[in-house]
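Working notes, structure below.
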Amino acid sequence: HAVLSAKDALKGFEGIVLTVFGDNPTISKEVFEKAINKVREGYSVVTLAVRPKYENRYGRLVTNGDELLKIVEYKDASDEEKAIELCNSDLMAFEGKHIFDILEKVGSANAAGEYYLTDAIAIARSNGLRCSYVENTDAIAGANTREDLALVEEFLNSRKHKS
C-alpha cells in the first residue's frame, strides 16, 4: 500500500524504482547498484537476499538458479520452505513500467492478513516477467525485534571502525 501511494507521482515513469524497507540502515551504495544492474539485465523485479547467521522469521526465497520463483513469508512457509537459508531482505527494485500493474494485484489472503510486497514476485511471474535477486554478503537483515536492533547496532559499529 505504501508504494502504491506514489502512483500519481510516478505516472509514466519507466526507469528503475527502488523500494527500501524502513527497518534496515545497513544497505550500501554498492548493493543498490547491484540491484539496479540486475534490472538492467532484463529482470522486472529484483529483491535483496541475505543469509542470516541466526534463526529468523524472514521470508524465504524460492529460486531456480538466478531466477526468483517466489518469496514465501515465514508465517506462510512449509517446514521445507523454512529450511531455505536464502532470506528476503530490505530492498526491491522494479522496472518502472511494470511496478503499478504488479502492485495493484497484491492482496491480503495470507496467514497475517497483510499486504505483502513480496507477493510482487509471483504476480510478476504470472504476467510473464522475469524476477531475480542479488545477495548481500556485507549486511544483515532488518531490525524487527530488540535482538535484531542490537545486531544492527553491532554491525554498524563494526563497519564504522573498518572505515
Side-chain angles (χ1 to χ4, degrees), residues 1-28 30-52 56-137 139-144 148:
H1 180 264
V3 180
L4 278 175
S5 66
K7 184 177 181 179
D8 289 340
L10 293 174
K11 188 174 185 160
F13 180 74
E14 294 193 5
I16 297 169
V17 178
L18 295 173
T19 62
V20 184
F21 303 177
D23 65 352
N24 190 341
T26 67
I27 302 171
S28 68
E30 291 77 21
V31 170
F32 285 114
E33 290 171 346
K34 282 172 56 175
I36 289 167
N37 289 335
K38 198 74 166 177
V39 173
R40 288 182 177 146
E41 289 175 20
Y43 293 97
S44 295
V45 185
V46 174
T47 194
L48 180 60
V50 294
R51 294 180 193 268
N56 65 75
R57 300 180 65 80
Y58 301 125
R60 301 309 204 255
L61 274 63
V62 179
T63 63
N64 182 10
D66 278 350
E67 293 290 320
L68 178 56
L69 305 178
K70 65 181 178 175
I71 299 174
V72 181
E73 292 298 332
Y74 189 85
K75 294 174 188 175
D76 299 307
S78 67
D79 288 340
E80 182 180 325
E81 290 166 332
K82 288 177 183 174
I84 296 171
E85 292 181 7
L86 197 60
C87 295
N88 186 44
S89 189
D90 301 319
L91 167 82
M92 292 183 86
F94 290 86
E95 189 177 20
K97 65 184 176 185
H98 297 296
I99 188 170
F100 296 110
D101 291 336
I102 294 167
L103 296 183
E104 287 173 342
K105 295 177 183 172
V106 173
S108 60
N110 53 62
E114 298 175 356
Y115 291 92
Y116 292 156
L117 182 61
T118 53
D119 286 348
I121 303 302
I123 294 165
R125 291 185 56 79
S126 73
N127 290 344
L129 302 173
R130 296 175 65 211
C131 301
S132 190
Y133 64 96
V134 294
E135 190 168 349
N136 188 3
T137 57
I140 58 176
N144 297 306
D148 291 347

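- In this structure, the separation between CG on L69 and CG on N64 is 5.5 Å, given to the nearest 0.5 Å.
- Taking each heavy atom of F100 and V3 in turn, the nearest pair found is CE2-O, 3.6 Å.
- Residues N88 and T47 bring a donor and an acceptor atom of their side chains to less than 3.5 Å of each other.
- Contact between V45 and A124 at its shortest, heavy atoms only, is CG2-CB, 3.9 Å.
- Residues Y116 and I71 form no side-chain contact, since every pair of their non-hydrogen atoms from C-beta on lies 4.5 Å or further apart.
- The neighbour count for F32 CZ, taken as heavy atoms of other residues, nucleotides or ligands under 6.0 Å away, is above 12.
- With K34 as the fixed residue, the side chain to side chain contact (heavy atoms under 4.5 Å, CB included) test singles out one of L48, V134, L91, V46: V134.
- Considering every non-hydrogen atom in both A93 and L18, the closest pair reads CB-CD2, 3.6 Å.
- Atom CG of L4 sits about 11.0 Å away from atom CD1 of I102, to the nearest 0.5 Å.
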Show your reasoning for whether side chain to side chain contact (heavy atoms under 4.5 Å, CB included) applies to I123 and L129. CA-CA 9 Å; I123 294 165; L129 302 173; over 6 Å; no
Could you go through the side chain to side chain contact (heavy atoms under 4.5 Å, CB included) check for V62 and L68 one step at a time? CA-CA 6 Å; V62 179; L68 178 56; 5.8 Å; no
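- Judged as a salt bridge (Lys or Arg N to Asp or Glu O under 4.0 Å), the pairs with a partner in residues 36-50 (not counting sequence neighbours) are, in order, K38-E41, K38-D66.
- Between E81 and K70, at least one side-chain nitrogen of the basic residue sits less than 4.0 Å from a carboxylate oxygen of the acidic one, meeting the salt-bridge criterion.
- In terms of modelled atom types and a separation under 3.5 Å, the side chain of S89 and the main chain of A49 share no donor-acceptor contact.
- The local environment of NZ in K82 is crowded, with over 12 non-hydrogen atoms from other residues, nucleotides or ligands closer than 6.0 Å.
- From S126, atom OG reaches atom CD1 of I121 across 11.5 Å, with rounding to the nearest 0.5 Å.
- Here the OG atom belonging to S44 is positioned 7.5 Å from the NZ atom belonging to K97, to the nearest 0.5 angstrom.
- Residues Y133 and G65 come closest through the heavy atom pair OH-O, 3.5 Å.
- In this structure, R57 fails the cation-pi test against Y74, since its NZ or CZ atom is not both closer than 6.0 Å to the six-membered ring centre and inside 45 degrees of the ring normal.
- Salt-bridge formation is detected for the pair E67/R125: a Lys NZ or Arg NE/NH1/NH2 atom is positioned less than 4.0 Å from an Asp or Glu carboxylate oxygen.
- In this structure a side-chain-to-backbone donor-acceptor pair under 3.5 Å is missing from R60 to V72.
- Under the side-chain hydrogen bond (donor to acceptor under 3.5 Å, both in side chains) criterion, the residue pairs touching residues 100-109 are K7-E104, K105-N127, with sequence neighbours excluded.
- In this structure, CD1 on I84 lies 7.5 Å from OG1 on T63, to the nearest 0.5 angstrom.
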Between R51 and C87, is the side chain to side chain contact (heavy atoms under 4.5 Å, CB included) condition met? List the steps. CA-CA 6 Å; R51 294 180 193 268; C87 295; over 6 Å; no
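- Using a 4.5 Å heavy-atom threshold, the side chains of N110 and E73 count as separate.
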